[in-house]
Amino acid sequence: MDKQIVNHYNEHRIYSDEREAHKLRRKIGILTSGGDCPGLNAAIRGVAKAAYERFDVEFVGIADGYRGLIEGDYRTMSQSEFSGILTLGGTILGTSRRPYRNMQVIEDDNVDKVAQMKSNYKKMGLDCLVTLGGNGTHKTANLLSEEGLNVIGLPKTIDNDIFGTDVTFGFHTAVDIATDVVDRIHTTANSHGRIMVIELMGNKAGWLTLYAGIAGGADIVLLPEMPYSLDSVISSIEKRIENHHRFTIIVIAEGAYDKAMAKMKSKERVQFLKDKNFPSISYYLASEIESKTGLETRVVMPGHYVRGGNPSPYDRILSTQFGSYAARLIEKEKYGQTVAMVDGLITSNPLKVAASQTKFVPKDHQMVKCGKDIGISFGQE
Ligand code: F6P
């Protein structure tokens with residue numbers, strides 16, 4: 001994301017404005033929504049510790065993301081609940097998926113979800129709602145902000161695909177875990193002389209696969225943003241064999257697909273794999289490789305494993321920075337914002353910026369160029 005666009009969106013950098021914190025009072029509702037990841041509790045802790053330090057505050061914990069806000073499932077939290085959670089994976093509040101596309105749809109339960117959320121926000125007597133989540137969470141947060149609620153977002157996802165921020169918390173811990181998987185697969189691949197296809201999370205954006213592929217020394221990296229040619233994948237494998245390599249490691253994002261499937265809509269791609277009895281793209285790719293080359297090929301799917309366990313020190317720091325910055329935004333009543341890191345600095349963007357688009361891997365991204373420079377194939381040639 002180039003600088004002037006980011007600067008245009010950044011309405012302020014409030015750290016430079018070190019106004020003496022006057023004693024004020026805030027009642028803050030907080031929820032975590034969407035896929036969980038390590039760093040959520042560190043971010044919750046960051047918001048809370050900074051708020052308790054800077055002003056009088058009462059926290060209301062909302063259970064299971066937007067479900068709790070819709071159904072009125074919330075409770076006042078004590079300050080002690082925010083201690084001892086820096087290193088704890090997952091989220092102490094619980095989470096759920098409430099797809100944004102359904103938020104304004106009245107379903108069989110006849111519940112107007114937006115009206116319910118607004119009414120519960122009012123019933124709680126909140127000064128502000130803090131939402132920790134990914135793209136869908138930010139879309140709903142922006143909707144609530146446009147409906148007049150005071151909302152602050154924090155960018156969470158292992159996918160690192162939130163527009164306007166260099167990085168989301170959860171991403172680097174997932175890269176660490178996924179890289180360990182790639183590292184370990186090398187020894188068994190080498191022992192058996194096999195092709196190993198490692199499928200990583202990332203339905204729309206391939207950041208996790210790209211970073212773990214480079215960090216883990218993968219030979220082929222396949223991303224949703226760059227539909228691959230099967231012939232190119234096979235020729236990369238054959239080139240490695242000519243160069244006397246006993247194995248090939250392929251990392252592929254769960255949302256990647258080949259050039260033939262690129263012509264399909266995403267629902268059609270899912271049906272295509274289902275019709276062929278492949279649970280996911282990696283099984284389809286493995287079967288194609290094995291049938292065309294006769295080489296033993298195996299699939300590894302770490303799945304939710306990369307979202308489990310404790311946050312890395314990097315993510316503990318990032319979550320604490322994001323959380324404490326959110327508390328400053330609340331203190332200054334700078335609502336309708338989502339915290340971000342831009343060029344290494346903590347700042348914020350309007351919620352509508354994060355809600356407006358997904359941050360995909362550009363084909364000419366420096367990390368893609370780096371991979372190509374060291375001979376990684378992206379299945380494009
Ligand atoms: O949004 C993060 C994410 O981990 C994606 O990478 C993945 O496709 C999705 O969540 C899985 O969702 P769930 O945990 O609901 O199965």
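Counting convention: from 1, in listed order, for ligands and their atoms alike.
- Closest to atom 7 (C) of ligand 1 among all protein heavy atoms lies E254 OE2, 3.4 Å.
- Listed by number with element, the atoms of ligand 1 under 4.0 angstrom from any heavy atom of N203 are 8 (O).
- Of all protein heavy atoms, the one lying nearest to atom 6 (O) of ligand 1 is D159 OD1, 2.7 Å.
- Residue pairs that meet the side-chain hydrogen bond (donor to acceptor under 3.5 Å, both in side chains) test with at least one member in residues 233-250, sequence neighbours left out, are D219-R240, S236-S377, R240-T248.
- Looking at Q380 and K259, their side chains do bring a donor and an acceptor atom within 3.5 Å of each other.
- For atom 9 (C) of ligand 1, the nearest non-hydrogen atom from the set M201, K156, R97 comes from R97.
- For the residue pair D161 / N135, a side-chain donor-acceptor distance below 3.5 Å is found, with atom types taken as modelled.
- Scored by the side-chain hydrogen bond (donor to acceptor under 3.5 Å, both in side chains) test, S33 finds T137 as partners (sequence neighbours excluded).
- Using a 4.0 angstrom heavy-atom cutoff, G202 counts as in contact with ligand 1.
- Distances from atom 3 (C) of ligand 1 to the heavy atoms of H304, K204, R307 show the closest one on R307.
- Which parts of ligand 1 touch I158 is read off a 4.0 Å heavy-atom cut-off, strictly below it: atoms 4 (O).
- Looking only at distances, no side-chain donor or acceptor of E296 sits under 3.5 Å from a matching main-chain atom of R194.
- Looking at D36 against ligand 1, nothing comes within 4.0 Å, counting heavy atoms.
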